[in-house]
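The next block holds one structure in the form of structure tokens; read it before the comments.
Excluded from the calculations below are hydrogen atoms, water molecules and symmetry mates; all remaining heavy atoms, backbone and side chain alike, are included.
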Amino acid sequence: MQSVDRAITALEFLARRGEAGVSEVAAAIGVHKSTASRLLGALQGRGLIEAAGDRGRYRLGYGILRLAGAMGGRLDVTSQGREICEELAEQLGETVNIAVLQGDQVINVHQAHGGGAISVNNWVGRPTPLHATSSGKVLLAYLSKPLQDRLIDAGLHRYTAVTVTDGRVLRRQLAQVHVDGYAITAEEYETGLNAVAAPVFGAGPAAIAAVSVSGPAYRLPVAQLGETARSVVAAAARISERMGHLG
């Protein structure tokens with residue numbers, strides 16, 4: 001942990017200074033010059049910093065942009081989708097979320113509450129499973145086949161009596177997502193909670209996020225999910241357009 005803290009401190013120091021020598025970095029992070037040199041060498045090896053000419057000085061490298069870019073898409077989809085999600089939540093009177101893929105889970109990055117929403121759950125930042133949520137099924141459906149298979153074959157945990165735990169059934173549902181343009185879940189993650197989600201696309205063919213509407217099963221019954229899906233798909237398409245998708 002100490003090494004990680006020193007590395008972060010060194011990167012922050014270079015970000016403030018623009019560029020600095022080994023001695024300056026050593027003083028900033030409170031270590032011997034030889035220790036700072038090894039640390040800077042490791043960071044340079046990963047492309048996070050680079051030599052600033054031939055004067056023994058360093059500056060941030062393009063590897064920082066690679067890391068920032070991975071997060072930038074999430075930040076963009078949140079900013080571009082916020083207004084649309086607020087409108088959708090108000091239209092349907094239910095909770096609307098934008099979610100992205102993080103490893104083998106789904107992370108909600110934005111939430112909007114409609115006037116009729118009674119849930120006080122804050123889903124932002126909360127990891128949820130791929131196979132038992134509508135957003136998760138959407139994101140899983142658009143992954144490459146090898147990655148999709150790996151995640152499914154790792155095992156499907158049961159959360160409720162109706163959670164899909166059979167890989168063959170889940171794969172059929174994922175194929176249907178491409179036909180329908182949306183995914184639904186009916187009390188698969190939480191008893192009494194139904195949801196429908198649609199994919200958000202960027203400039204490429206991959207789904208970069210999912211927009212979902214969720215609500216109590218008595219107010220958002222399965223028979224109504226298809227109708228609700230039309231509004232969700234339309235909202236997702238509007239966000240996709242803002243994200244550079246050409247349709």
Side-chain angles (χ1 to χ4, degrees), residues 1-85 97-112 122-128 130 135-136 139 142-144 146-147 150-151 199-211 239-246:
M1 290 299 295
Q2 187 179 49
S3 296
V4 173
D5 183 67
R6 286 171 175 171
I8 293 172
T9 302
L11 291 172
E12 291 175 339
F13 178 70
L14 290 174
R16 291 193 302 270
R17 291 290 297 271
E19 63 178 59
V22 176
S23 297
E24 295 170 280
V25 173
I29 63 178
V31 298
H32 191 273
K33 184 177 177 179
S34 61
T35 302
S37 181
R38 288 195 297 271
L39 178 62
L40 292 172
L43 293 173
Q44 185 177 20
R46 302 305 294 267
L48 298 177
I49 66 172
E50 62 185 17
D54 57 357
R55 297 166 294 158
R57 300 176 68 79
Y58 296 89
R59 63 191 174 203
L60 295 182
Y62 285 103
I64 292 290
L65 294 179
R66 183 183 68 248
L67 296 178
M71 187 63 188
R74 298 181 189 179
L75 296 176
D76 285 344
V77 76
T78 299
S79 60
Q80 295 299 326
R82 180 176 290 108
E83 179 184 355
I84 294 171
C85 286
N97 279 287
I98 298 177
V100 298
L101 183 68
Q102 181 171 296
D104 60 354
Q105 294 180 311
V106 181
I107 298 291
N108 291 288
V109 295
H110 178 68
Q111 184 175 75
N122 183 2
W123 294 91
V124 175
R126 177 175 166 184
T128 56
L130 287 167
S135 291
L139 294 170
Y142 285 91
L143 292 179
S144 66
L147 180 53
R150 181 175 67 79
L151 291 171
V200 173
F201 299 98
I208 60 173
V211 176
I239 301 173
S240 297
E241 184 177 1
R242 292 188 177 189
M243 295 299 295
H245 185 60
L246 300 177

Looking only at non-hydrogen atoms, find the nearest pair between [X] and [Y] and report the distance.
X: Val22; Y: Leu40; result: CG2-CD1, 4.0 Å
X: Met243; Y: Ile208; result: CE-CD1, 3.7 Å
X: Ala206; Y: Phe201; result: O-CD2, 3.4 Å
X: Val200; Y: Ser240; result: CA-OG, 3.4 Å
X: Ser135; Y: Val106; result: CB-CG1, 4.2 Å
X: Leu14; Y: Tyr58; result: CD2-O, 3.5 Å

Reported [atom1]-to-[atom2] distance for the pair [X] and [Y], which is rounded to 0.5 angstrom:
X: Leu143; Y: Leu130; atom1: CG; atom2: CG; value: 7.5 Å
X: Asn97; Y: Asn108; atom1: CG; atom2: CG; value: 4.0 Å
X: Ile107; Y: Ile98; atom1: CD1; atom2: CD1; value: 14.5 Å
X: Gln102; Y: Leu139; atom1: CD; atom2: CG; value: 12.0 Å
X: Leu151; Y: Asp104; atom1: CG; atom2: CG; value: 6.5 Å

Partners of Arg17 by side-chain hydrogen bond (donor to acceptor under 3.5 Å, both in side chains), sequence neighbours excluded?
-> Glu24

Mind checking what makes side-chain hydrogen bond (donor to acceptor under 3.5 Å, both in side chains) contact with Arg59, not counting sequence neighbours?
-> Glu50

For [X], salt bridge (charged side-chain N to carboxylate O under 4.0 Å, His left out) partners two or more places apart:
X: Arg150; value: none
X: Glu12; value: none
X: Glu19; value: Arg55, Arg57

Verdict with supporting geometry, Glu83 and Arg242, side-chain contact (heavy atoms from CB on, under 4.5 Å) | CA-CA 12 Å; Glu83 179 184 355; Arg242 292 188 177 189; 3.9 Å; yes

Identify each donor-acceptor pair in which a side-chain atom of residues 28-36 lies under 3.5 Å from a protein atom, sequence neighbours left out, and give them as a table.
from, atom 1, to, atom 2, distance (Å)
His32, ND1, Ser34, N, 3.0
His32, ND1, Ser34, OG, 3.0
Thr35, OG1, Arg38, NH2, 3.4

